[in-house]
Amino acid sequence: MERRTQPYLQRTLLYLVSILFAGACIEPYTPKLTKTDSNILVVHGFLNVGDGSCKIQLSRSEDLNNNGSAASVADAQVSVKSDDGANYPLHNYGSGSYATSGLSLNQAKKYFLQIAASDGQLYESDQVPVKQTPPIDSVTWEVDSFHDGVNIYVNTHDPSNATRYYLWDFVETWRYATPFQSTVEYEGTQIVARKNDIANCYTTAQGTKIVIGTSEKLSSDVIRQALVTAIPQVSVKLRIRYSILVREYALTKEAFDYWQSIKKNNENLGTLFAPLPSQLTGNIHSVSSSKPVIGYFSAFSVSEKRIFIDRNQLPHILRQTGYETCESDTLLVAYLPRPVDIPKFVRIWGLITPLYSGPQLIGYLRADWTCVDCTLRGGTTVKPDFWQ
Amino acid sequence: MNCLRSFFFVHALLVYCTSLAQDPGEVVSGDFTNSTFQRFVLSVESKTSFHFYYDVALLDTLKVDFIINKKPLEEALSKVFVNSDFHYAIDKQSRVYITRDIEIQTELPAGFFEYNSPMENQNDFVSENYFNSRQKEKSQASIEEKLFVMGSKTVSGKNNPVIAGHIRNIESGEAIVGAVIYVENPWKGTATDQFGFYSFSMPRGQHELKIKSLGMKNTRRQVMVYSDGKLNIEMQEDVVPLREVVIQSERDVNVTGLQMGVEKLDIKTIKQIPSALGEADILRSVLTLPGVQSVGEGTVGINVRGGATSQNLILFNDATIYNPSHLFGFFSAFNPDILKNVELYKSGIPAEYGGRLASVLEVTTRDGNKKKFAGSGGISPITGRLTLEGPLIKEKISFILAGRSTYSDWLLSQIPNQNISKSQASFYDINAGIAHEINDKNSVRISGYFSKDQFRLGNDTSYSYTNQNASVKWKHIFSNKLYGVATGGFSRYEYSIASTKNPVNAFTLTYRIAQTNLKADFNYFLTPQHTINFGASSIYYTLQPGSQIANGPASLITPDIGQSEQGSENAVYVSDRFELNSRLSFNYGIRYSLYSFLGPKNVINYVPGSPKEESSAIDTIHYKSGKNIATYQGPEYRFSARYMLSGNASLKISYNRMRQYIQMLSNTTAISPTDVWKLSDSYIKPQIGDQFSVGFYKNLKSNALEASAEVYYKSTQNFLDYKSGATLLLNHHIETDILNAKGMAYGVELLLKKMTGKLNGWLSYTYARSLVQTKSPFASETINDGKFYPSNYDKPHSINVISNYKFNRRFSISLNYTYSSGRPITLPLAKYESDGVMRLFYSQRNQYRIPDYWRADISLNIEGNHRIRKLAHSSWTIAVYNITGRRNAYSVYFVSQNGTIQGYKLSIFGNPIPTITYNFRF
């Protein structure tokens, strides 16, 4: 259980030290790096033996100080090959994206990836066996009062005891709302009743943590309560309704080791007994040079499971809204600008609702647009298909 | 040449002795206008047979201002001392004693020598009426003037006589270790061993023996040596603990001693060094010495001259300590209250020691008080300590019992957060010792040590580890020339991790290492020129390299029991300390060690000529219990030499080879509690280290200032390195994750020390490199393209300033300053995007460094009043660790958070840490 214990130990120790001595501290820090290597081929993707599809994303590594997006590798020839000579070229969809689908794959064969870059370099992966991913038994959650959060767990098992090494990733979606429900909108020169709701949005985000697990030390191939992610109790994600899609991939031992070292290199560093980071070696190599390649090519099927967590299921506590600074104000009709000025005015203020004194319209409740239109926070008002 | 000279010397003395009677007509004359007392003495001594005995320090300000012409000395001295506190006395042998306040009677009581003269019976016996004052202190002063006659005039021999005996504390009867006893002309001397025993030879004749020791008042004895004799000496403790600093007592030894690369600290020095957690800490004090470094503040693992933390042999009363830390490294495992001294050998390691490459750290505890019951203790922010000691049979058997515990559990429970108050973090340790002086020739010492650490946060995984040690030591003196010490010891270290949080994965993991060792060491004073040390040792190791079992009925954990490992390590050694002449002496020796890795064990065979990987395993061979699986053996050479360049400067060189058969597996930066030890086996070869060093030593200002420069070069074979992402715990084929590496270290250590005066301390600068090379025909077994790269603890520059200023006997202030280069780390070279997340691609190993480290600490020591008779003596230490609050980086790391990369710097003590500690003894 070293893998499980070590990071835990580090975290708790640091915690203890800071409690007892009020001394430990962590600060952002940017070291000076004299030499960087920013042109390493990065291969991301896998062969989905479940539906016979393969999607590969090619990019280049970048300088640490570079804030732009990753440089994609656009004009390469990518194909998946099997050890008996079958060749499945991938179609180039541009911006480094290569894909194919509808392949009929032989589960007993080994497959490998071949990339011919436009600069003449040829890259190949090791031959990998096909792993069948067992279905996810359940995705569960519980309130963890100790860390004051909600933990999401995955449970799975393989009756044939053949999987043993697992990788999961997840996609979170949550609904959120602005504090003010705008019922009116500006149309032409008129203020009219709002047709589309802009107060309720859905945000979807890919999980950023590497989640791996193994049952190699267990008598049967069972994963029980493997922690997928932990959400702070006060998080805006849990304020209304939250959903998580967990995807499971069966790994070979070698792939597991690769993902584990990525995890060590990216997540567990810096604490007292942290393992030392190491130079990563995947299973993709340059055929013609010793240049490193980042990436690990695997062939597996995918199983997935989605759950929802509603606020009614959670302890009733005050959660973040993300809109804590929002305030509404009134805008009296008497002070309404002339109709020609309204467009200027609407650029700044979102109108929430009309105010009446008896039957008489006297003004509107108003707030910053960012407090009225939820899409300004990156979400979409379109309810996802899976949303229940 | 030397022999010839001492021959003449002896004769001269004999001639001198025969004409001992004072010439009654001897007179003094001279012009001493506006002169000093010293000049007066020198003049009188040069012209007459008078010889003066006095404390130079007391009389250096005394002025002499007169002209004298052919007057008796009495008259001159009366003139000198008129209106002063000084008294003089002249005995029949023309010796002049100058004392303050007390008068000496130079006539011995009748029958005094008759009573004392039999050989082997010379003790510090004093006739009570002999002195005007019966106070111990004063009697001590007078005993210094008494002439002890050693042996009998009728015994003659070719060799110089050997004087031996014990040096003990007059208060507690405790043996004083490392006390230096010597005669100045010719310079002959030695230091007491761990039993307080000394033995050395000197030419026949009259000598003044000078005895100095850490924290004790310097004393001397007048001896007339005819043949071998025995002299036991009692020394008085310096009542004010902070008045004198240890190393002073060994001032001369730095230059004249044969040993190089050795550092001694005694508990009083250690207590002066401000510590982060308020308690005196040996290992942190050792870290202030040149050539000793650590990876950071949260660890007590020390790196000596570029060696790994596991290459230090840490002996606690001769028992090996495997984990010298508490609270995961914030405390060292040794209770400061019972420590006597700490010796660190960095080079020229004596043949007696073996088994680790880099250093030997010998920690010795004191014996219980043999004369009366006493206690001591202290309270610091995290711990409380109590020590009790006393005689079981007065003067014969004493005991000491010491306990230390944290109250951090209580502190945690006070925090109004349920989860924290349910947490646990505690440790305790217990030391017990019995010392028995059976008779003059035999003494036995038994010591035991037990420590336990426990740790749990909330209701999650709990963690604990224990050290258990016991040792028995028997010393037998065969004769003045030969003594032997037999030691038996047992050490055990184990840890366990238990988790019940997830019933399916609930587990208990335990790890254990135990060793039993037997050792016999002999010391033979062959001739005055040759001292022979020889002996043998045997260690039997058993390791349980981790077993994981289910914890609870719901757990699906399959028992995963690592196969136990057994090994035996045997060694014989002999060494000779040879004093060729007063300038040149050597210590050369050889140790031969033989190691066997023993069954029962299953050993995996791999395809020859291919990298050891799981995929290249061919078959497994089972070895029966006790069957030899692998054997390694070889000589370990030890050599050192000293050449006196002048009276206060010397040049020393040394070479030593060490072999290490047990290694620690760790791929974390600091010593982690889950690190495992591994015996050398069919695949993991023993580490072999060679070290050459040269040193230049010079004392300035009449030994008040010590300066030294040492240069060393070290190379290590079969050093351990790890594949990237190696799994070390519960790995049944660890050889597939371990790489064979070469180590290289070199450096220069400069030290300037001042141990006397109001201001004392030391200043050191070290330049040191420590490099590793991992090269193999297989790419998977090569790190950094097979080039040398800096080890995790390679810190080229370091500066330490340790200073202490005594305002008076009750107040002193210490200021420390430490600087070192940042340790190497591996930083990312590039980032890349994967699934919308930024990830890092790391450079080759250890190509960058964390920012330089520096820290200043201050502490104020306040002693209670110095009345000797009172209920309890107390002292306070108020300290601020890291007074500038500098946020020294312990590590620098990068994390990808929410899709972006952020670098962080972790500081362990990022603020000034004030502490207050109360100590008492009664």
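Protein chains get the first letters and strands the later ones, always in sequence-line order, with residue 1 at the start of each.
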Checklist line | Rounded distance (nearest 0.5 Å) linking atom CG of D560(B) with atom OG of S219(A) | finding: 12.0 Å
Note to self: Could you report the tightest heavy-atom contact between Y29(A) and P851(B), atom names first, then the distance?
What the structure shows: OH-CG, 3.1 Å
Next item on the list: For the pair Y832(B) and I40(A), evaluate side chain to side chain contact (heavy atoms under 4.5 Å, CB included) and give the outcome as yes or no after the intermediate values.
Entry: CA-CA 9 Å; Y832(B) 64 94; I40(A) 304 166; over 6 Å; no
Checklist line | For the student: nearest non-hydrogen atoms of L218(A) and T558(B), plus distance | finding: C-CG2, 3.5 Å
Check: In terms of heavy-atom proximity below 4.5 Å to chain B, should E27(A) be classed as side chain, backbone, both, or neither?
Finding: both
